[in-house]
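These notes are about the structure you will find just below.
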Amino acid sequence: MVAAAAGGDPLTERAALMRESLQKSQTITDGMVSILGSFDHRLSALETAMRPTQIRTHSIRKAHENIDKTLKAAEVVLSQFDTFRQAEAKILKGPHEDLESYLAAIDQLRNNLQFFTGNKSFKSTDAVLNHANSLLAKAISKLEEEFKQLLASYSKAVEPDRLFECLPSSLRPSTGSPGHQGDSGGTNPSHAHSDHHNGNLENAVYTPPTLIPPRILPLLHDLAQQMVHAGDQQQLLKDYRDTRSPVLEESLRKLGVEKLSKDDVQRMQWELLEAKIGNWIHFMRIAVKLLFAGERKVCDQIFEGFDSLRDQCFADVTASSVTVLLSFGEAIARSKRSPEKLFVLLDMYEIMRELHSEIEALFKGKACSEIRESALGLTKRLAQTAQETFGDFEEAVEKDATKTAVSDGTVHPLTSYVINYVKFLFDYQSTLKQLFQEFENGDDTSQLASVTMRIMQALQINLEGKSKQYKDAALTHLFLMNNIHYMVRSVRRSEAKDLLGDDWVQRHRRVVQQHANQYKRNAWAKILQCLSIQGLTSSGGSSAAGVGGDTGSSSGASRALVKDRCHFLENNFVSLFLAGK
């Protein structure tokens, strides 16, 4: 028992110590809480005391910020006024000394106007805007004058020699030729046609002349741009047209282009008219490939970025010149038809077809639609007139009523004319195929063959009528034999053979042989009659024998009569020999 009591004392002591420690900790904690509570109270008091100071500090900071913003705004306004004064000074000097600086000043003035328009709260804004608008109007007016003066200074008519240098070598007129002098202008229709078909022009290079120096075009573009931005498009269009259009017309006039009415064309002698048509073909090629192409290039660069204005300016500048050129073509297409005009009509149709794609490319856009339609209309009208001339020629051949007789039964002039005409047509095969496509569908080659066959048939019908003028049946067949033989031989030696075919050739060779046989039959009948006793005595001996008084005439014929018969036989043998060939 004693030992147990003695062993429990340390635990008690430890418990007592722990209790004492806990009480001290509690006391300390309470003290800290009390201290912290007093700090919170003091801080609240301090915050209350500092609040007015914080409010004053924030106000001062906001004031500084407002002052900074105001100063910055003032700097912007002052900067606008400063640049406005600089722009005004440059504008008042005018564009002549330094055009680029003048244009930059106008741009700056527009920026100033935009700024003050958006900041109308300033007291002087209205006055500034009024002054700036007035200054801008004066600047644009000076720009317009500068544009007209600059454009006019560098707009000169192109001399013919310079244009000829831009052509492929095969189309350049030789020195001293009429075309080189500019009053006749170029090649005749046959030359133009042969040039077109020799293949050299398909890949020929045309170099449009430089109408305005390249260094001037950017300046004109900038001036035009400022006028467009100012809303002066109509004035710009008028200024450009009034300057460039007469220059283009003068270039064509120097080349030899004339204004000819339908009445002028009708009164003109054919030789002169044919030469003028040849010139017109040359002029059309030069106008489209050189002058109009060069004018389009100038328009595209000056009015870059303004598509509708660009097309309208080009249409207005070229309209008068195009009208002069196309009106001549219209006058020819509407003039009285005649066979000799067919080939020049085909030449004119060829050049219009050749230039079609370039006309479509140059005269693009809505503004040029009327010009495109006029060119296409002329092409179709030329094709129609050419086709109608075909019909006229066929009818004229069939109804040719010339009384010119070929006494010896050889080839008639009409036959030579028609055959040469048909031969020349075959130089236009590709053109004729295109022409037939304008109005009909189907095989173009068969259509050309059909036309050719009808012309040959019309010729044959006419020849049969002319053959009836001969009282001698032998000469009738000789005439038909020689003329149809000439037709067959000409076809066999030309491209017409491929078109008409061997069947046509063989059929007409049989016709030739039939007439040859008929000729020989009739000719030999006369020869046999001359050789017979009856033939020899029928003209003179019979009357003497009937009287019975002259025994010297019993030989049957006089020497004179025999001489005449021998001469007749000689002629007929020659004809028979030719027929046998």
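For clarity, every value in this text was computed on a predicted model and none was experimentally measured.
Going from atom CD of Gln269 over to atom CD of Glu274 covers 12.5 Å, rounded to the nearest 0.5 Å. Between the SG atom of Cys313 and the CZ atom of Phe303 there is a distance of 3.5 Å, given to the nearest 0.5 Å. Distance check: Glu354 CD to Thr379 OG1 gives 11.5 Å after rounding to the nearest 0.5 Å. Rounding to the nearest 0.5 Å gives a distance of 6.0 Å between NZ of Lys297 and OG1 of Thr210. Atom CG of Leu291 sits about 7.5 Å away from atom CG of Leu255, to the nearest 0.5 Å. Rounding to the nearest 0.5 angstrom, the gap separating the CG atom in Leu345 from the CZ atom in Phe390 is 10.5 Å.
For Asp307 and Arg310, the salt-bridge test passes: some basic side-chain N is under 4.0 Å from an acidic carboxylate O. Salt-bridge formation is not detected for the pair Lys366/Asp311: no Lys NZ or Arg NE/NH1/NH2 atom is positioned less than 4.0 Å from an Asp or Glu carboxylate oxygen. Salt-bridge formation is not detected for the pair Lys142/Glu145: no Lys NZ or Arg NE/NH1/NH2 atom is positioned less than 4.0 Å from an Asp or Glu carboxylate oxygen.
In summary, the side chains of Arg454 and Ser450 do present a donor paired with an acceptor at a separation below 3.5 Å, with no hydrogens or angles considered. Using modelled atom types, one finds a donor on one side chain and an acceptor on the other under 3.5 Å when comparing Arg244 with Ser155. Between Ser335 and Lys341, the side chains place a donor N or O and an acceptor N or O closer than 3.5 Å (distance only, hydrogens not considered). For the residue pair Glu249 and Ser320, a side-chain donor N or O sits within less than 3.5 Å of a side-chain acceptor on the partner.
Between Tyr206 and Arg285 there is a side-chain heavy-atom pair separated by less than 4.5 Å. At least one side-chain heavy atom of Leu273 sits less than 4.5 Å from a side-chain heavy atom of Trp270. In this structure, the side chains of Lys254 and Leu163 stay at 4.5 Å or more apart for every pair of heavy atoms. For the pair Asp316 and Leu237, the minimum side-chain heavy-atom distance is below 4.5 Å. The side-chain heavy atoms of Phe393 and Leu342, taken from C-beta on, include no pair separated by under 4.5 Å.
Thr385 places a side-chain N or O within donor-acceptor distance of the main-chain N or O of Ala333, the cut-off being under 3.5 Å. Using a distance-only test at 3.5 Å, with no hydrogens or angles considered, no donor-acceptor pair links the side chain of Thr243 to the main chain of Ala152.
More than 12 heavy atoms of other residues, nucleotides or ligands lie within 6.0 Å of CZ in Arg162, so this atom counts as buried by the packing criterion. Counted within 6.0 Å of NZ on Lys148, heavy atoms from surrounding residues, nucleotides or ligands total more than 12; the atom is thus considered enclosed. For CD of Glu370, the number of neighbouring non-hydrogen atoms (other residues, nucleotides, ligands) closer than 6.0 Å is 12 at most.
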Walk me through it: do Arg334 and Glu330 pass the test salt bridge (charged side-chain N to carboxylate O under 4.0 Å, His left out)?
-> CA-CA 6 Å; Arg334 295 178 182 276; Glu330 289 283 351; 3.3 Å; yes

Trace of the salt bridge (charged side-chain N to carboxylate O under 4.0 Å, His left out) decision for Glu250 with Arg253 = CA-CA 5 Å; Glu250 178 66 10; Arg253 189 194 66 77; 2.7 Å; yes

Check the pair Leu499, Thr452 against side-chain contact (heavy atoms from CB on, under 4.5 Å), reporting the backbone distance first and the verdict last.
-> CA-CA 9 Å; Leu499 199 64; Thr452 307; 3.9 Å; yes

Would Asp264 and Ser261 count as a side chain to side chain donor-acceptor pair (under 3.5 Å) if you check the C-alpha gap in whole Å, the side-chain angles of each, and the deciding distance to 0.1 Å?
-> CA-CA 5 Å; Asp264 294 331; Ser261 66; 3.1 Å; yes

Can Trp280 and Ile332 be said to form a side-chain contact (heavy atoms from CB on, under 4.5 Å), step by step?
-> CA-CA 11 Å; Trp280 179 85; Ile332 297 297; over 6 Å; no

side-chain contact (heavy atoms from CB on, under 4.5 Å) evaluation trace for Leu448 with Gln429 = CA-CA 8 Å; Leu448 179 56; Gln429 280 197 65; 3.9 Å; yes

Would you sort out whether Glu358 and Phe292 count as a side-chain contact (heavy atoms from CB on, under 4.5 Å), showing the intermediate values?
-> CA-CA 10 Å; Glu358 286 165 280; Phe292 295 162; over 6 Å; no

Could you pull out every donor-acceptor pair under 3.5 Å between side chains of residues 215-224 and any protein atom, sequence neighbours left out?
from	atom 1	to	atom 2	distance (Å)
Arg215	NH2	Tyr154	OH	3.4
His221	NE2	Glu304	O	3.3

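Minimum interatomic distance between Gly294 and Pro208 (heavy atoms only, all atoms of both residues): N-CB, 4.0 Å. The two residues Leu376 and His356 make their nearest non-hydrogen contact at CD1-CE1, 4.2 Å. The shortest non-hydrogen separation linking Leu435 to Ala386 is CD1-CB, 3.5 Å. When all heavy atoms are compared, the tightest approach of His282 to Leu171 is CE1-O, 3.4 Å. Contact record, Met284 with Leu355: O-CD1, 3.6 Å, taken as the closest heavy-atom pair. Considering every non-hydrogen atom in both Leu325 and Ala287, the closest pair reads CD1-CB, 3.6 Å.
Taking the ring centroids of Phe363 and Phe314, they lie under the 6.0 Å cut-off.
Using bins of under 30°, 30° to 60° and over 60° for the plane-to-plane angle, the ring pair Tyr240/Phe147 lands in the tilted bin. A tilted orientation is assigned to the rings of Tyr417 and Tyr421, their planes being inclined by 30° to 60°.
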